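Here the structure is laid out as structure tokens; the discussion comes afterwards.
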Amino acid sequence: AQKITQTQPGMFVQEKEAVTLDCTYDTSDPSYGLFWYKQPSSGEMIFLIYQGSYDQQNATEGRYSLNFQKARKSANLVISASQLGDSAMYFCAMREDGAGGTSYGKLTFGQGTILTVHP
Amino acid sequence: NAGVMQNPRHLVRRRGQEARLRCSPMKGHSHVYWYRQLPEEGLKFMVYLQKENIIDESGMPKERFSAEFPKEGPSILRIQQVVRGDSAAYFCASSPIDTQYFGPGTRLTVL
């Protein structure tokens, strides 16, 4: 089974509207972390937001929020008030902390969602 | 505070040559990770290092690839006898705890 699944290869949104990018994950570890990264056409990987499995509240960073539904194993990214500069590839990633609970482990990435923001 | 630095940004090698990719983590970060991104794909983990130690190399190909993170200096990802299938973007990330911050990547092209 895929550890990280992003079911939307591409998404379109009108400028200033909100958009949700889907991510589901699969792990049996009680402790894990979930990440979203943005990769614009220039190629760099930009960290957007992080959610720990024990965090009680959904993470927010400016216009980004993470809709964390632990029972459903989903970690959707919500971008509010989309801007043209938001057009990029977006990756969801997971870090599994294992029995030791270390938070230094490798990330497993999904296949990504290409977001296009229309003016 | 400078971010994660990688060099070179672009590297062209002919089949059979060696490629050396360098990564300097963010100041204060002692954990370094290498990932590879093939065209149209997500990133795949290769190796995780701390100073002078390889912690997890479960994603490294068994042959031709090696990595180090010496006490002094950058982390190095070395690919010997490159083949066309090694053409990819190679990203380095560093971490203090929890979050990994990525460098700009090195785009390797094998002719």
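Bear in mind that the values here come from a model prediction, so they are computed numbers and not experimental data. Residue numbering restarts at 1 for every chain, and letters A, B, ... go by the order of the sequence lines. Atoms considered below: every heavy atom in the structure, side chains included; atoms not considered: hydrogens, waters and symmetry mates.
Interface with chain B: from residues 106-116 of chain A, residues A/K106, A/L107, A/F109, A/G110, A/Q111 qualify, criterion being any non-hydrogen pair under 4.5 Å. Scanning residues 69-79 of chain A against chain B with a 4.5 Å heavy-atom cutoff picks out nothing at all.
Considering only heavy atoms from C-beta on, A/F35 stays 4.5 Å or farther from A/C92 through its side chain.
Hydrophobic clustering (side-chain heavy atoms under 4.5 Å, transitive across Ile, Leu, Val, Met, Phe, Trp, Tyr) groups B/V4 together with A/F91.
Note that OG1 of A/T20 and CD of A/Q8 are 8.0 Å apart. Values are rounded to the nearest 0.5 Å. Note: A/F47 CZ to B/S95 OG = 10.5 Å, rounded to the nearest 0.5 Å.
Residues forming a salt bridge (charged side-chain N to carboxylate O under 4.0 Å, His left out) with B/R9 (at least two apart in sequence, or on another chain): none.
Taking Ile, Leu, Val, Met, Phe, Trp and Tyr as hydrophobic and joining them when side-chain heavy atoms fall under 4.5 Å apart, one finds B/W34 in a cluster with B/L11, B/L21, B/V32, B/M46, B/V47, B/L49, B/I54, B/M60, B/F65, B/F69, B/L77, B/I79, B/V82, B/Y90, B/L108, B/V110.
Salt-bridge formation is not detected for the pair B/R13/B/D86: no Lys NZ or Arg NE/NH1/NH2 atom is positioned less than 4.0 Å from an Asp or Glu carboxylate oxygen. Look at B/E18 and B/R78 and you find a salt bridge, because one of the NZ, NE, NH1 or NH2 atoms lies within 4.0 Å of a carboxylate O, short of that distance.
With hydrogens and angles ignored, the 3.5 Å screen pairs no side-chain donor or acceptor of A/T5 with any backbone N or O of A/T7. A donor-acceptor distance shorter than 3.5 angstrom exists from the side chain of B/Q6 to the backbone of B/C92, with no hydrogens or angles considered.
Of the two parts of A/Q39, only the side chain, counted from C-beta on, holds a non-hydrogen atom closer than 4.5 Å to a non-hydrogen atom of chain B.
When the candidates B/E41, B/Q100, B/K44 are compared by the number of heavy-atom contacts under 4.5 Å with chain A, B/Q100 comes out ahead.
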